[in-house]
Every structure is written in structure tokens, then in C-alpha cells.
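Structure record follows, encoded as C-alpha cells.
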Amino acid sequence: MPVDRRTGYAENRGGLEAKPKERLMPRTPKEQLYQLERDIELYAEFDKAEKARFDRESYLWTAEDRIEWQETQSSNAQALRELLQQRDALRRHWNL
């Protein structure tokens, strides 16, 4: 879940959850794959919403706001890359 650096909570953009819910670890490989794909989809939706927000509002932002936005984008992109790698590894290992 994308995290707002200022609050430490998950972003609430475009219907995404404001606070992360506790989840039980998926038990089967298919459940793990489903969870990873869901998380990937949430990160992608968040990225799309943030880029739209940047296009709408960035002209009002200070330099500090822009730097903070870039840092958040960078950390979320890294998390997305890690999720994609986990998904690919799971698929290879279980031939899913």
C-alpha cells in the first residue's frame, strides 16, 4: 500500500484505504499470487491517481512539496518493483 511520508499511513486517494488492514498470510500459492496481484493493482492505481494530481496541482506546490512528491513516487516505484519480482518468483517456483 502506498504510504504518505508525512503521516506514515497509507494514502487515501481514489478510494484506497486510509489505514492498512491486518491480513492473515495467504496459505496457498494461488492465494499468495492473488494477494500480490491485488497489491500490484493498488500501487498502479495509486500511481495513476498521483500523476493526475501532479498534473492538476503541481503549479501550486513549493519546491519542497515537489521534492517530497518525487521521494514518495520513488519509494512507491521501488515497492512496486519488489512486488513484481515476488510475483514473478512465485510464478516460476509454482509454475502458475
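Side chain of Ser74 to main chain of Gln70: no donor-acceptor pair is present (N/O by atom type, distance under 3.5 Å, no hydrogens or angles). Looking at Ser58, its side chain never comes within 3.5 Å of a backbone N or O of Asp55 through a donor-acceptor pair.
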Step-by-step side chain to side chain contact (heavy atoms under 4.5 Å, CB included) determination, Arg56 to Arg53
CA-CA 5 Å; Arg56 283 190 318 271; Arg53 183 174 75 94; 3.6 Å; yes

In sequence, state the C-alpha distance, the side-chain angles, and the governing distance for Glu31 and Gln35, and then conclude on side-chain hydrogen bond (donor to acceptor under 3.5 Å, both in side chains).
CA-CA 6 Å; Glu31 289 174 343; Gln35 186 63 52; over 6 Å; no

Under the side chain to side chain contact (heavy atoms under 4.5 Å, CB included) rule, what do Leu80 and Asp47 come out as? Steps first, then yes or no, please.
CA-CA 10 Å; Leu80 181 58; Asp47 187 53; 6.0 Å; no

Derivation and outcome, side chain to side chain contact (heavy atoms under 4.5 Å, CB included), residues Trp94 and Lys30
CA-CA 9 Å; Trp94 293 102; Lys30 285 190 178 186; over 6 Å; no

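Taking each heavy atom of Asn76 and Phe46 in turn, the nearest pair found is ND2-CE2, 2.8 Å. Taking all atoms of both residues into account, the shortest heavy-atom contact from Glu50 to Trp69 is OE1-NE1, 3.0 Å. Pairing each heavy atom of Leu90 with each of Leu33, the nearest pair is CD2-N, 3.4 Å.
The CD atom of Gln73 sits 11.5 Å away from the CD atom of Glu68 when rounded to the nearest 0.5 Å. Taking CH2 of Trp61 as the start and CD1 of Ile67 as the end, the distance is 12.5 Å to the nearest 0.5 Å. Between the CG atom in Leu36 and the CD atom in Gln85 there is a gap of 12.0 Å [rounded to 0.5 Å].
When hydrophobic clusters are built by joining Ile, Leu, Val, Met, Phe, Trp and Tyr residues whose side-chain heavy atoms come closer than 4.5 Å, directly or via intermediates, Tyr34 is not grouped with Ile40.
Counting heavy atoms of neighbouring residues, nucleotides and ligands inside a 6.0 Å radius, atom CD of Glu64 does not exceed 12 of them.
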